[in-house]
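Worth knowing before you read on, the calculation uses all heavy atoms, side chains too, and leaves out hydrogens, waters and symmetry mates. Proteins come first, then strands; the chains are lettered A, B, ... in the order of their sequence lines, and each starts at number 1.
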Amino acid sequence: MFLAFRESVATALETALAANDYPTDDLGIEEPPEDVEAVFASSVAFRLAERAEAPPPKVAAELADAIDPDDYDYLDRVDVQGPYLNFLPDESYFADTLEAGGDAAFGRLPDRDTSVVVEHTSANPTGPVHVGRARNPIIGDAVANALDYAGYDVERHYYVNDAGRQMAVFTWAYERFDEEDLPEPARDRAEYRMVRYYRKGNAFLEEADPEEVEEAEAEIEAILQGLEAGDEETYERVGEVVDTVLGGMKECLARLPADFDEFVKETRFMRDGSTDDVVARLKELDGAVYEDDAWQLTFDDIEKNLVFLRADDTSLYTTRDLAHHEWKFDNYDRAVTVLGEDHKLQAEQLGETLELLGNDTDRLSNVIYSYVNLPEGKMSTRRGTGVQLDDLLDEAIDRAREEVEDRMDDRLRDDDLDEADVERIARQVGIGAVRYDIVSKQPTKGITFEWERALDFEAQSAPYVQYVHARCCGILDEARRASESASGDEPRADEADELEPVADTSVLTTDSERDLIRSLARFPGVVESAASDLEPHQVATYTRELADRFNAFYRECPVLTADDAETRAARLALVAASKHAVANALDILGVEAPESM
RNA sequence: GGGCGCUUAGCUCAGUCUGGACAGAGUACUUGGCUUCGGACCAAGCUGCCGCGGGUUCAAAUCCUGCAGCGCCCA
């Protein structure tokens, strides 16, 4: 309704402007401050004042007069408040919102028939996922979810850098060292076992006799050359290491959960010839030069050249990534990449080069986030410094479990939570809190990881929002049981929230009811905006507002014990809509919505 | 040295792209509220040179510019 109403307002304004011979390129539509009753407002009168040779309030009045609300859907009236035009919705706006909210898919936008590939995480398979990287899957997954809700056909990809020096070093180390010479793994899972070889290998290259290091470097070089030459045996050796480590990392990411439709390997674009093809086309470009023993590409806007082919004819990471991105363009309408700020220059060069190669780079967007650092500095898989994501999640779950147990005695509701429930709630709340904390902030802001802060369940956190969902479920559950015992019929098997299809909003008269329904109406607009800006934190900001509004409503308005049947039915519909909005908003954020907690 | 990003209440953050109605939340601190649908809740109070200086504008946290601090990147 929100989006349809915005359309109406835009059309109304445009028509009124045109009728008065004003330009229609700037409508100045905005959402007014909270204490103004309107859903939309326009500040256009400010800008027209000079041209009209009249003060803004007068222009605003003139425009308001030119609009007949009857001509536009959902528009009840246009108020003039000083220089502002305020657009107020009619009752059908609220009624339609309540009806739409009854659908479990509330907030999902119509199919756009447009495919998007979201690439995220793409961490080199060198070892356990640490917290420094954790922002990527959490933001990436939420971006993908937001696009999905906004009606795009979304594919989630993890690009696997299996052709670089890191993997050659890893493969060499894995074959070179014996397990009995390694320390115990921190955790009994593939990537924790495997990373020991990688660390040992790197330490060896730094500390061993120069002669031995030289020998090792020759073996590493041989692996790289083997990959470049398309040698099958080399692929298999490297592939074993890559797949094993990646297998463990997948398990870790699945705990968030962050799942992928496809793991796209870099070597794929070496083997299918597309990297060679890219190289050939790059050489033909005007900006291509051979300098300092390498083929490079110069740019107009970027100072730094892009080296795309070494003297020994080996390709570089970015060269292969160019082939990768052209493959994306061939298979998807749009491509979104979530990457750390350290890759920003690379990404700019990549975009420029794709453009020079004749691609339409408007189809490509990047979401860039700042790294999570420890108070004492950077995290590193190679050096073994940092906090592992697994440890953070375990700790979060442990603390959440303590909370659940502490609160057990205070619970008003006697729904007898058993051991399995406690464990479920601990997991939902613990992991939810970690994700919410990360996804609710602008990605460009730096985060310094601190245990206490990351695991704060108070504050504007996931549990606060999750609690609203559980409350809604509790009320709807009560309502269903009451209706079953009253009717004496067979228990209905369908959803509790389908109980009361009647949505007569005219009985919802208190401020808290109106505020809540207003917030509910905005939800599809929030989804739209979060998806088009690729900013899932907008959804997190919204969940807080919605939760606030719901709690205020809950306090003011008894639902099950409402004065009359109509009010009860309408309030139940409000609860059902709230439940759907909260559940779906949390779903976008990748946070579970518990039915009880 | 050059490029990019960040800087808003004691603390953690929205708001900045697209300038517009008195700059908002939470937390902390001070109060008050459970025989009533779930108190992980609600209500009231307190909290600001929006990093600093200049500019554009009827209007600047928001745009431009110089500077500082922090982060990232570049040989």
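- Partners of A/R133 by salt bridge (charged side-chain N to carboxylate O under 4.0 Å, His left out), not counting sequence neighbours: none found.
- Between A/A38 and A/D533, the residue whose closest nucleotide on RNA chain B is further toward the 5' end is A/D533.
- For the C1' atom pair drawn from B/rA60 and B/rC49, the interatomic distance equals 15 Å after rounding to whole Å.
- A straight line from CG of A/L85 to P of B/rA21 spans 15 Å, rounded to a whole angstrom.
- Each of A/F40 and A/Y467 lies near RNA chain B, and the nucleotide nearest A/F40 is the one positioned closer to the 5' end.
- Taking the C1' atom of each, B/rU35 and B/rU31 are spaced 25 Å apart, rounded to whole Å.
- When the nucleotides B/rC41, B/rC37, B/rC72 are ranked by their closest atom to the side chain of A/D342, B/rC72 comes out on top.
- B/rC37 is unpaired under the criterion used here, namely a Watson-Crick or G-U wobble arrangement in which both key atom distances are under 3.5 Å.
- Among the nucleotides B/rA75, B/rA40, B/rC42, the one closest to any side-chain atom of A/V429 is B/rA40.
- The partner of B/rU30 is B/rA44, judged by Watson-Crick or G-U wobble contacts that both fall below 3.5 Å.
- Between A/R407 and the phosphate of B/rA40, there is a side-chain N or O to OP1/OP2 separation shorter than 4.0 Å.
- Across B/rC72 and B/rG15, the matching C1' atoms stand 25 Å from one another, rounded to whole Å.
- The side chain of A/M597 has B/rA40 as its nearest neighbour among B/rA40, B/rG39, B/rC72.
- Using N1 to N3 plus N6-O4 or O6-N4 for Watson-Crick, or N1-O2 and O6-N3 for G-U wobble, each under 3.5 Å, B/rC58 pairs with B/rG20.
- At a threshold of 4.0 angstrom between heavy atoms, the contacts of A/A41 include nucleobase atoms, whether or not backbone atoms are also involved.
- Atom CD in A/E30 sits roughly 16 Å away from atom C1' in B/rC17 (whole-Å rounding).
- Between the CD atom of A/E403 and the P atom of B/rG39 there is a distance of 17 Å, rounded to whole Å.
- Although no hydrogens or angles enter the test, the distance criterion places a donor-acceptor pair under 3.5 Å between the side chain of A/R549 and the main chain of A/D515.
- As judged by a 4.0 angstrom heavy-atom cut-off over every strand, A/E303 is placed among residues touching the sugar-phosphate backbone only.
- The aromatic ring centroids of A/F5 and A/F2 lie 6.0 Å or more from each other.
- Using a 4.0 Å cut-off between a side-chain N of Lys or Arg and a carboxylate O of Asp or Glu, A/D548 and A/R544 do not qualify as a salt bridge.
- Using a 4.0 Å heavy-atom cutoff across all strands shown, A/C557 reaches at least one base atom of the nucleic acid.
- Checked for salt-bridge contact, A/R77 and A/D79 meet the test: a charged N lies under 4.0 Å from a carboxylate O.
- Of the side-chain N and O atoms in A/Y464, one or more sit less than 4.0 angstrom from OP1 or OP2 of B/rC42.
- The separation between A/L516 atom CG and B/rC42 atom C1' is 15 Å, rounded to whole Å.
- Nearest nucleotide to the side chain of A/V404, out of B/rA40, B/rC42, B/rC74: B/rA40.
- The pairing partner recorded for B/rG1 is B/rC74, the criterion being a Watson-Crick or G-U wobble arrangement whose two distances lie under 3.5 angstrom.
- Distance check on atom C1': B/rC22 versus B/rA28 gives 25 Å, rounded to whole Å.
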Practice problem: Take A/R427 and A/E423, measure what salt bridge (Lys or Arg N to Asp or Glu O under 4.0 Å) needs, and give me the verdict at the end. | Solution: CA-CA 6 Å; A/R427 189 179 50 75; A/E423 206 48 45; over 6 Å; no
Detail all sub-3.5 Å separations between protein N/O atoms and N/O atoms belonging to nucleotides 56-64 of chain B.
none

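- Taking a 6.0 Å sphere around CD of A/E37, one finds it holds 12 or fewer heavy atoms contributed by other residues, nucleotides or ligands.
- One finds no side-chain N or O of A/N551 lying less than 4.0 angstrom from the OP1 or OP2 phosphate oxygen of B/rC41.
- B/rC52 sits 15 Å from B/rC11 when the P atoms are compared, rounded to a whole Å.
- Within 4.0 Å (heavy atoms only), A/E595 reaches at least one base atom of the nucleic acid.
- Rounded to an integer number of Å, the gap from A/N86 CG to B/rA21 C1' is 9 Å.
- Separation of the C1' atoms belonging to B/rC46 and B/rG53 is 32 Å when rounded to the nearest angstrom.
- Per the geometry, OH belonging to A/Y84 stands 10 Å off C1' belonging to B/rG19, to the nearest Å.
- In terms of modelled atom types and a separation under 3.5 Å, the side chain of A/R568 and the main chain of A/D563 share no donor-acceptor contact.
- Among the protein residues, A/Y554 comes within range of the nucleic acid bases, having at least one heavy atom under 4.0 Å from a base atom.
- Residue A/D406 places no side-chain atom within donor-acceptor reach of the base of B/rA40, judged by atom type and a 3.5 Å distance cut-off alone.
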For nucleotides 4-14 of chain B, 5' to 3', base contacts (B), sugar-phosphate-only contacts (S) and non-contacts (-) with protein non-hydrogen atoms under 4.0 Å give SSSS---SSSS
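- Counting to the nearest Å, the C1' atom of B/rA75 and the CD atom of A/Q296 are 12 Å from each other.
- Taking the C1' atom of each, B/rU62 and B/rG26 are spaced 23 Å apart, rounded to whole Å.
- In this structure, A/R471 is not positioned above the aromatic face of A/F550 in the sense of NZ or CZ being under 6.0 Å from the six-membered ring centre and within 45° of the axis.
- No engagement by A/V575 is indicated, since no non-hydrogen atom pair under 4.0 Å with the nucleic acid exists.
- Minimum heavy-atom separation, A/V39 to A/P32: O-CD, 3.3 Å.
- Judged purely by distance below 3.5 Å, without hydrogens or angles, the side chains of A/Q346 and A/Q349 never pair a donor atom with an acceptor atom.
- Pairing partner, B/rC50: none, since no Watson-Crick or wobble contact has both distances short of 3.5 Å.
- One interatomic measurement links the two molecules: CD1 of A/I475 to P of B/rU36, which rounds to 15 Å at whole-angstrom precision.
- Figure legend. B/rA68 is base-paired to B/rU7; pairs are counted as Watson-Crick or G-U wobble with both atom distances under 3.5 Å.
- When the P atom is compared between B/rG32 and B/rU8, the two are found 34 Å apart, to the nearest whole Å.
- Of the possible polar contacts, none joining the A/S512 side chain to the A/E556 backbone as a donor-acceptor pair under 3.5 Å is found.
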| task | Check the pair A/Y371 / A/N136 against side chain to side chain donor-acceptor pair (under 3.5 Å), numbers first and verdict last. | result | CA-CA 9 Å; A/Y371 254 45; A/N136 202 318; over 6 Å; no
